[in-house]
Protein chains: 2
Amino acid sequence: MKNSPWQPLPDRKSTRVQLDREQIIDVALRISDQEGVDAVSMRRVAAEFGTGPSSLYAHVSNKDELLRLMFDRVCGEIQLPPREPARWQQQIKELMLGTHRLLLTHNDLGRVALATVPNGPNALRASEWMLGLMVEGGLPAHLGAWALDRIFLYVTVDAYETSIWRAQLRHLGLPKHESEKQVKGEMAAFLAELPADRFPYLSRNSAAMTSGTSQERFEFGLDLLIDGLQRHVTG
Amino acid sequence: MKNSPWQPLPDRKSTRVQLDREQIIDVALRISDQEGVDAVSMRRVAAEFGTGPSSLYAHVSNKDELLRLMFDRVCGEIQLPPREPARWQQQIKELMLGTHRLLLTHNDLGRVALATVPNGPNALRASEWMLGLMVEGGLPAHLGAWALDRIFLYVTVDAYETSIWRAQLRHLGLPKHESEKQVKGEMAAFLAELPADRFPYLSRNSAAMTSGTSQERFEFGLDLLIDGLQRHVTG
DNA sequence: CGTTGTCACGAACACTGTTCTAGTAGCGAA
DNA sequence: TTCGCTACTAGAACAGTGTTCGTGACAACG
């Protein structure tokens with residue numbers, strides 16, 4: 001009875017939205033960028049289209065699949081320059097710095113990358129580029145494959161950890177460098193006040209333990225991984 | 001009226017359980033070991049004691065705190081031998097291999113370790129041991145601090161990733177080495193069938209891309225990190 | 001015009017972490 | 001022994017979560 005003809009439904013034609021897989025990824029990524037991956041729920045995404053969560057399941061089989069699609073979409077943003085095998089190590093470092101920055105641009109998407117096997121089309125493009133460059137640089141193929149795996153894992157996990165840090169800082173206070181200094185100071189004080197008999201090195205070197213920016217630490221590890229490949233080059 | 005005196009409550013004295021923080025951690029870890037971290041919910045843990053979730057909040061302020069406590073409990077299982085600075089790199093590698101194995105013993109607890117700042121008492125013990133060994137080995141303190149950070153991050157993330165792999169294998173079929181071979185074969189086939197014009201290296205080197213056990217790959221990256229510290233040794 | 005198949009959508013299910021409320025058990029003091 | 005207080009158990013409820021089912025309405029095709 002509620003669908004009585006003299007009170008027609010309020011123009012459902014216009015309210016019925018046309019959903020689309022790409023648009024869904026767009027919206028999900030926008031939410032993730034602004035509020036983090038945890039804010040991406042099926043209800044939240046669907047609400048952006050003015051509908052319920054079940055509407056999404058016609059275009060995306062799963063929430064996991066949606067997250068994977070988001071990750072591969074971001075992988076498409078990776079810029080791949082022409083390969084220069086003569087300076088392959090520098091080029092790989094440059095690409096990884098860019099990828100690291102890209103992941104951080106998209107908030108804590110690194111967490112998704114961690115749990116995802118990077119076999120989407122865009123991720124494969126980047127893998128192909130890196131593997132090719134390493135082989136052309138003189139690395140045996142299987143070591144190139146391993147290095148590709150290890151380096152990308154490292155970049156991903158650092159992006160994730162950095163995003164956690166940033167989230168905690170944001171949760172604290174607004175001024176960025178301000179709160180970073182403060183948290184660092186608190187950490188140093190915590191270490192310095194440890195009982196010196198049981199923690200002589202940590203308490204004495206509290207300044208060293210908190211030294212350096214997260215970017216410096218990231219590059220330190222990245223250099224260890226990439227430079228260490230040198231001795232495996234054949235020929 | 002249901003509490004009528006001629007039908008006394010069925011001996012509530014014995015049914016009322018004495019909760020305890022340590023016991024809660026015990027039970028949570030047991031669940032995590034058997035079914036994974038995702039299976040650890042406040043209701044699930046409380047149910048093991050025959051009560052409701054709210055009962056836990058008197059002993060644990062948070063689920064996050066419970067997870068942190070679980071992680072530090074596991075860190076207490078790390079065996080720290082006497083330091084031998086003369087062979088500090090080997091010793092650090094040995095400790096990291098053990099820690100990696102320990103994390104995998106506890107299923108996907110590596111995920112918790114990733115999101116946790118390791119400042120629990122047991123984690124601090126291990127950090128003190130490692131920092132001390134590196135400094136005694138000749139590494140400047142701030143580089144030792146960075147290396148400690150990077151290496152532990154690497155060990156943790158590999159344990160996490162390996163646990164994901166294992167979970168997927170377990171979800172597939174029961175025979176362990178059997179399904180591992182099968183999944184590896186499927187992955188190799190997938191890579192080999194990629195269009196050779198756009199993915200020449202990936203398609204040609206599909207065998208190399210899937211070569212090696214996860215343990216071999218882990219040690220490969222670990223060696224890169226640890227051996228690379230050599231050139232930073234002063235004196 | 002009629003039919004068919006795709007897909008939007010509301011409702012519901014079984015969960016989750018957390019909080020509020022009440023009430024009770026145990027224990028020290030009088 | 002009895003009173004009162006503190007500490008802690010525990011049920012109910014709230015606002016979320018991912019996912020599935022059934023019902024439709026719409027559009028394109030025969």
Side-chain angles (χ1 to χ4, degrees), chain A residues 1-5 7-25 27-28 31-32 35-70 108 111-112 115-116 171, chain B residues 1-5 8-25 27-28 31-32 35-70 108 111-112 115-116 167 171:
Chain A
M1 291 296 172
K2 64 178 181 180
N3 287 350
S4 35
Q7 190 182 0
L9 295 176
D11 221 43
R12 269 292 164 110
K13 270 183 183 175
S14 64
T15 59
R16 190 177 180 113
V17 205
Q18 274 297 339
L19 288 181
D20 175 357
R21 172 184 273 230
E22 294 305 313
Q23 288 181 28
I24 291 175
I25 301 175
V27 166
I31 296 174
S32 168
E35 307 170 42
V37 178
D38 278 333
V40 178
S41 73
M42 301 304 267
R43 279 175 174 78
R44 182 84 165 73
V45 173
E48 298 279 321
F49 292 100
T51 180
S54 57
S55 303
L56 305 177
Y57 284 85
H59 307 272
V60 160
S61 68
N62 228 335
K63 187 188 176 181
D64 273 354
E65 182 177 272
L66 175 56
L67 292 177
R68 279 197 302 268
L69 290 170
M70 290 165 63
D108 54 350
R111 199 176 74 198
V112 177
T116 302
H171 206 280
Chain B
M1 290 298 173
K2 66 180 180 181
N3 287 350
S4 34
L9 296 176
D11 222 42
R12 270 290 166 113
K13 271 184 183 175
S14 65
T15 59
R16 188 175 181 117
V17 205
Q18 274 297 340
L19 289 181
D20 175 356
R21 170 182 272 232
E22 294 305 313
Q23 288 180 27
I24 291 176
I25 301 175
V27 166
I31 296 174
S32 168
E35 307 171 40
V37 178
D38 279 333
V40 177
S41 73
M42 301 303 267
R43 279 176 174 76
R44 181 84 167 72
V45 173
E48 297 279 322
F49 293 100
T51 180
S54 58
S55 302
L56 304 178
Y57 284 84
H59 307 272
V60 161
S61 68
N62 226 338
K63 187 189 177 182
D64 273 354
E65 181 176 274
L66 174 56
L67 292 176
R68 278 197 301 269
L69 290 170
M70 290 165 63
D108 55 350
R111 199 176 76 199
V112 177
T116 301
H171 206 280

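This structure is a prediction, so every number in the text was calculated from the model and none was measured. Labels below follow one simple rule: chain letters A, B, ... track the order of the sequence lines, proteins then strands, and each chain is numbered from 1.
Between the side chain of B:Ser54 and the base of D:dG11 there is at least one donor-acceptor pair of N/O atoms closer than 3.5 Å. Within 3.5 Å, no donor on the side chain of A:Arg43 pairs with an acceptor on the base of D:dG16, nor the reverse.
Rounded to whole Å, the distance from CG on B:Asp38 to P on D:dT17 is 17 Å. For the pair B:Ile24 CD1 and D:dC8 P, the interatomic distance rounds to 11 Å; values are reported in whole Å. Taking atom CZ of residue A:Arg21 and atom P of nucleotide C:dA8, one finds them 13 Å apart after rounding to whole Å. Spacing between atom CG of B:Asp64 and atom C1' of C:dT18 amounts to 12 Å, rounded to whole angstrom units. With rounding to whole Å, A:Glu65 atom CD is found 15 Å from D:dG18 atom P. One can place CE of B:Met42 at 16 Å from P of D:dG11, the figure rounded to the nearest angstrom. Between B:Arg44 atom CZ and C:dG17 atom C1' there is a gap of 17 Å when expressed in whole angstrom units. To the nearest angstrom, P of D:dT17 lies 14 Å from CG of A:Leu67.
Using a 4.0 Å cutoff on non-hydrogen atoms, the parts of residues 56-63 of chain A near DNA chain C are A:Ala58, A:His59, ordered by number.
Counting only heavy atoms from C-beta outward, the side chains of B:Asp64 and B:Arg68 approach each other to under 4.5 Å. Inter-residue side-chain proximity for B:Met70 and B:Val37 is flagged as unmet; no heavy-atom pair is nearer than 4.5 Å. Side chains of A:Leu66 and A:Ile24 form a contact here, defined as non-hydrogen atoms less than 4.5 Å apart.
Heavy atoms of A:Val45 sit nowhere under 4.0 angstrom from any nucleic acid atom. At a threshold of 4.0 angstrom between heavy atoms, the contacts of A:Ser41 are confined to the sugar-phosphate backbone, with no base atom among them.
For the pair B:Pro53 and B:Asp20, nearest-nucleotide mapping onto DNA chain D gives the more 5' position to B:Asp20.
Every salt bridge (charged side-chain N to carboxylate O under 4.0 Å, His left out) that A:Glu48 has, sequence neighbours left out, goes to A:Arg30, A:Arg44.
The shortest heavy-atom contact between A:Val40 and A:Ala28 is CG2-O, 3.5 Å.
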Please list every donor-acceptor pair under 3.5 Å in which a side-chain atom of residues 53-60 of chain A meets a protein atom from a residue at least two apart or in another chain.
from    : atom 1 : to      : atom 2 : distance (Å)
A:Ser55 : OG     : A:Thr51 : OG1    : 2.8
A:Ser55 : OG     : A:Gly52 : O      : 3.4

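If you take CG on B:Asp38 and CD1 on B:Ile31, they are separated by 12.5 Å, rounding to the nearest 0.5 Å.
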